[in-house]
Q: 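Got a structure for you, written out below as structure tokens; questions coming shortly.
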2 protein chains.
Amino acid sequence: MGPLDRVAGAHDAAVLAVARRGEPVSRAGLADALQVTPQAISKILARLIDRGLMAEAGTISSGPGKPTTLYSIVPSSRRAVGLHLTRTRVHGVVTDLTGRVLERLVTPIPSGTAVPELIALLAETARTLAAHGDGELLGVGVGMPGPVDSETGVHLGVSPGTEAWHDAAIRDLLLAELGLPVLVDHDSRSALVGESWSQPGLLHNAVLLLVEDGIGAALCLDGTIVRGAHSRAGKAGHMVVQMGGEPCTCGRRGCAQAEHLAALRAGDEQRAADVLATVVLDLVRLVDVDRVVLGGRSVHAHHGPTMTAIRAAIDEGLSGPDSGHVEVLLSTRGVDLIAAGAACEVLEHEYGLPTSLVGPEQ
Amino acid sequence: MGPLDRVAGAHDAAVLAVARRGEPVSRAGLADALQVTPQAISKILARLIDRGLMAEAGTISSGPGKPTTLYSIVPSSRRAVGLHLTRTRVHGVVTDLTGRVLERLVTPIPSGTAVPELIALLAETARTLAAHGDGELLGVGVGMPGPVDSETGVHLGVSPGTEAWHDAAIRDLLLAELGLPVLVDHDSRSALVGESWSQPGLLHNAVLLLVEDGIGAALCLDGTIVRGAHSRAGKAGHMVVQMGGEPCTCGRRGCAQAEHLAALRAGDEQRAADVLATVVLDLVRLVDVDRVVLGGRSVHAHHGPTMTAIRAAIDEGLSGPDSGHVEVLLSTRGVDLIAAGAACEVLEHEYGLPTSLVGPEQ
DNA sequence: ACAATAAGACAACGCTGTTGCGATACGTCA
DNA sequence: TGACGTATCGCAACAGCGTTGTCTTATTGT
């Protein structure tokens with residue numbers, strides 16, 4: 001119960017983060033990665049093995065001396081459920097400790113479903129998924145569009161088509177129904193957590209652009225997901241790229257989302273791609289990320305011209321000696337992007353690195 | 001030398017952060033703020049008093065029992081020098097431990113000054129300032145425009161008017177000259193650190209928009225200043241607000257900076273203010289900050305219409321139930337904004353909260 | 001078979017904040 | 001005036017962290 005748990009917990013999380021990369025690791029390698037002595041690694045590994053999270057994975061001998069014992073993560077020791085909630089359906093997955101999808105289940109939501117029935121449907125999906133695989137089930141993550149307070153887990157305000165969910169306390173209701181920890185977050189942030197788990201260590205400073213009905217973004221800066229003061233970060237679709245342009249549902253004109261939609265309706269794929277490229281380049285210049293991940297239905301439908309336009313915009317906009325390299329990638333998780341990400345958020349919450357040690361007052 | 005220093009250091013920094021607010025604090029108040037026991041506060045305060053950073057500040061008795069002993073920070077115990085470097089001059093200040101400016105000194109830079117002479121001029125300014133006040137001098141902070149690598153302290157690339165500084169290793173050269181710790185950073189980030197020191201605790205999620213020759217921005221998210229993958233975060237001036245609009249020095253069209261400048265040249269103050277308002281609202285929607293601070297020469301010259309336009313845009317763009325409150329403020333530090341901020345960065349480096357405890361590999 | 005080498009275990013240490021108990025200083029009430 | 005309750009604060013013992021120093025163990029090379 002001491003405050004030393006913080007440093008122990010951080011080290012445990014750091015070892016798991018390294019082990020999650022997939023390859024078995026040696027004690028010496030871990031000592032080097034965490035900048036602690038091999039003795040400390042002994043104690044840390046002992047704790048993790050005791051919890052069943054890691055196990056020995058053979059030995060390797062390179063040269064004289066006692067051969068190195070290797071350790072690896074035990075994927076089947078823990079599981080998490082992730083639910084991607086949209087207007088029309090629930091896309092659910094169970095994942096193991098590494099974030100790998102074990103099983104998926106898609107359930108349509110009848111139009112006009114009220115909150116109690118919605119919760120029942122989510123709970124049913126989670127229970128069905130929980131029957132697959134073994135290992136302790138850590139909790140349920142929910143990724144959903146629209147403004148969401150990830151502290152309290154309530155859906156805020158109204159988006160077109162989800163008026164019935166207004167101010168619904170999704171987290172508390174689902175927690176009461178399931179008796180499991182529940183974590184609710186914005187879909188784009190879930191997606192980014194999922195991507196960062198499937199590409200361990202690469203998305204330290206990255207943006208994920210999620211293009212579905214609207215355009216959302218999630219940012220990871222210095223290894224931390226940006227949530228913002230009111231948990232509303234990521235409305236990249238409402239950045240203005242054309243002052244006085246197309247009217248947007250938000251009341252303003254020339255939002256990226258409105259321009260993108262107008263271009264697609266007009267059949268101008270190039271213009272649509274250019275709008276996305278502008279948003280991406282704006283983000284790169286503003287927060288200086290070195291990786292951009294694209295995901296969502298609309299991106300996959302038009303990924304050819306989109307990727308070309310974005311890469312061209314980046315090459316052009318960041319030419320010159322004063323610019324670092326930026327990599328543009330397509331999301332690697334396909335249809336499970338958000339659901340798997342929501343599951344990874346549960347894992348992250350339990351086994352992730354703590355953001356900071358202490359801080360004064362709030 | 002143990003790893004426990006981290007937790008002690010974090011607690012020390014947290015106490016200083018609370019004490020820096022100005023009012024004397026009680027042990028009980030600190031224990032509540034840091035979520036530790038009063039006994040721990042005893043040990044933490046003992047360390048800080050031993051270092052001369054804090055001192056007793058009288059007692060107060062409210063009701064029965066032994067009266068509370070109050071403690072406060074000792075501003076004169078430490079000092080820092082901050083230098084704001086521009087094309088034409090160096091604006092320097094010395095501050096005390098709380099970031100208050102003790103003395104200022106402005107020196108013009110002759111056009112065509114090469115790097116060695118520039119360093120000599122900076123060093124001379126720092127030495128002159130160091131003669132004022134007492135208390136240990138912690139180091140020298142430098143805030144400058146253009147891309148800067150704050151890790152290595154070198155000025156990257158070329159901006160109009162500063163071609164001679166290309167790739168200059170400002171930090172190392174100045175360190176060699178002065179024999180003091182030197183910290184180099186982008187001017188907008190310096191400014192934000194300075195503002196957050198003069199408004200302790202308020203700028204946890206905030207943007208500072210710096211409008212001088214160009215438009216720069218600095219972000220503080222979850223209490224951490226955003227630097228980005230290549231230390232180049234903050235080029236808000238090159239966010240596109242008008243696709244296909246005015247050509248910009250960066251090669252693209254319709255950047256906020258280019259549109260702003262064009263509007264000012266055309267004498268259209270309203271349009272210029274609208275451009276800034278668009279940038280601010282974009283930032284608010286993207287990263288969900290709850291405070292926006294405006295600074296820089298151009299803002300102070302036109303702050304009437306600018307503030308009005310931004311407040312109007314925020315009120316209009318964030319109306320509706322799904323939006324949190326956003327406060328728009330003018331910078332409080334006036335001409336010393338960046339220089340004082342650079343000094344505060346030195347203080348922050350020494351006595352600020354560590355960003356994180358540990359992390360795997362890099 | 002023997003030495004050299006590298007991995008790992010055990011014990012003692014310094015440090016953190018915590019817990020438990022006692023000393024101190026003040027206001028209140030008899 | 002004096003005893004009592006109360007809140008503040010200090011001293012001592014404690015658990016847990018990673019570190020340091022020493023020893024054991026297992027493999028390779030001669």
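Throughout, protein chains are lettered first and strands after them, A, B, ... in sequence-line order, and every chain is numbered starting at 1. Please read all numbers here as calculations on a predicted model, not as lab measurements.
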Q: Scan nucleotides 20-30 of chain D nucleotide by nucleotide, 5' to 3', and note B when protein non-hydrogen atoms come under 4.0 Å of the base, S if they reach only the sugar-phosphate, - if neither.
A: BB---BBBS--

Q: I'd like to know if the side chain of E195(A) reaches the main chain of T332(A), judged simply by a donor and an acceptor atom lying under 3.5 Å from each other, with no hydrogens or angles considered.
A: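 Flag set: sc E195(A) to bb T332(A) pair under 3.5 Å.
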
Q: If you count heavy atoms of other groups shown closer than 6.0 angstrom to CD of E327(B), is the number above 12?
A: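 Correct, the count exceeds 12.
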
Q: R27(A) CZ to dA6(C) C1': how many Å, rounded?
A: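 Interatomic distance, CZ of R27(A) to C1' of dA6(C): 13 Å.
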
Q: Find the bend of the helix from dA1(C)-dT30(D) to dA30(C)-dT1(D) as the angle between its two terminal axes (five pairs each), to the nearest 10°.
A: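 End axes: 20° apart.
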
Q: Measure from CD1 on I41(A) to C1' on dG8(C) and round the result to the nearest Å.
A: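 Result: 13 Å.
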
Q: Applying salt bridge (charged side-chain N to carboxylate O under 4.0 Å, His left out) as the test, list every pair that has at least one member in residues 43-61 of chain A; sequence neighbours left out.
A: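 Found D12(A)-R47(A), D12(A)-R51(A).
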
Q: Side-chain N or O of H11(A) less than 4.0 angstrom from OP1 or OP2 on dG18(D)?
A: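 So the side chain of H11(A) is within the cut-off, an N or O lying under 4.0 Å from OP1 or OP2 of dG18(D).
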
Q: Round to the nearest Å and state the distance from L70(B) atom CG to dA7(D) atom P.
A: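 The answer, rounded to whole Å, is 17 Å.
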
Q: Using whole Å, what does the distance between atom C1' of nucleotide dC9(D) and atom NZ of K43(B) come to?
A: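 It works out to 14 Å between those atoms.
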
Q: Please report, rounded to the nearest Å, how far the C1' atom of dG18(D) is from the CG atom of D5(A).
A: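 After rounding, the reported distance stands at 14 Å.
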
Q: Report the distance from atom CD1 of I44(A) to atom P of dG8(C), rounded to the nearest whole Å.
A: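 These atoms are roughly 14 Å apart.
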
Q: Can you tell me the distance, in whole Å, between the OH atom of Y71(A) and the C1' atom of dG8(C)?
A: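 So the OH-C1' distance, Y71(A) to dG8(C), works out to 8 Å.
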
Q: What is the distance, to the nearest angstrom, from the CZ atom on R6(A) to the P atom on dT18(C)?
A: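 Taking atom P of dT18(C) as the reference, CZ of R6(A) is at 11 Å.
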
